[in-house]
Amino acid sequence: MLIPIPEVLTKTELETIQSRLAGAAWEDGRATAGHQSARVKHNLQLSETGVDARELGEIVLKALGRSALFMTAALPRAVFPPLFNKYEQGMSFGAHVDNAIRPLPGSPRSIRTDLSATLFLNDDYDGGELLIDDAAGSRAAKLPAGSMILYPATTLHRVAPVTRGQRVAAFFWVQSMVKDEGERRLLFDLDRAIVELGRGAPDHPAVARLTNVYHNLVRKWGEV
Ligand code: NI
């Protein structure tokens, strides 16, 4: 399931990140690629341990914390510190899969990558679509600056060549409290339905009962 999350960043946050990235030092993206993906990865990236990625990543994490849609869709247990990449004209990232387990920088811990996220940081370019393969075929995601797409990290995906301008984005992974994508999807649908029902009939006793079902399913499927 691809879940677009509109306007994750405020205008001020977006401008802060854009101006900082304009003067940042970019390096070859293959530095962090696995064996298979290094062969098809042609982009630039900020150093994972550099001060720019760390401070800008903090802004992104703070913004995610405000997003009810992100919380309910991802049910995050751990979020990988956001990374930043840039595709100049002609750059692309061929079909690849993200590593299942990623060591957290500066920590003995690792996270399991259940979900991948791309937060678009500009939109004045052509090409550069994120293409995600699922059972229905390949689906393209390209959102306005400040908006984000959340998708299962279990998918093969790629970034089409940029044909004009440059594409700048933040990306990261989420370990979810609910590992199974189907279970996460059921919880997401149930949550959306409860919210909608609660708006139309806030005092109906079924709202509380369905909310109870929701939390009992989280108890059943969630890990903390
Ligand atoms: Ni990827």
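Because the structure is predicted, anything quoted here is derived from the model rather than measured. The analysis underlying the following values was restricted to heavy atoms, covering all of them including side chains, and did not include hydrogens, waters or symmetry mates. Counting starts at 1 for both ligands and their atoms, following the listed order.
Contacts of Ala95 classified as side-chain contact (heavy atoms from CB on, under 4.5 Å), with partners at least two apart in sequence or in another chain: Arg158. In this structure, the side-chain hydrogen bond (donor to acceptor under 3.5 Å, both in side chains) partners of Asp124, at least two apart in sequence or on a different chain, are Asn122.
When atom types are taken as modelled, the side chain of Thr113 and the backbone of Asn99 share a donor-acceptor pair closer than 3.5 angstrom.
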Tabulate below the donor-acceptor pairs under 3.5 Å that side-chain atoms of residues 71-82 make, not counting sequence neighbours, or state none.
residue, atom, partner, partner atom, Å
Thr72, OG1, Asp191, OD2, 2.9
Arg77, NH2, Val224, O, 3.2

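There is a path of hydrophobic side-chain contacts, each under 4.5 Å, that joins Leu130 to Met1.
For the Ni ion (ligand 1), protein N, O or S atoms closer than 2.8 Å were enumerated as His96 NE2, Asp98 OD1, His157 NE2, with waters left out.
Under 4.0 Å is where a charged nitrogen must lie from a carboxylate oxygen, and between Arg112 and Asp114 at least one such pair does.
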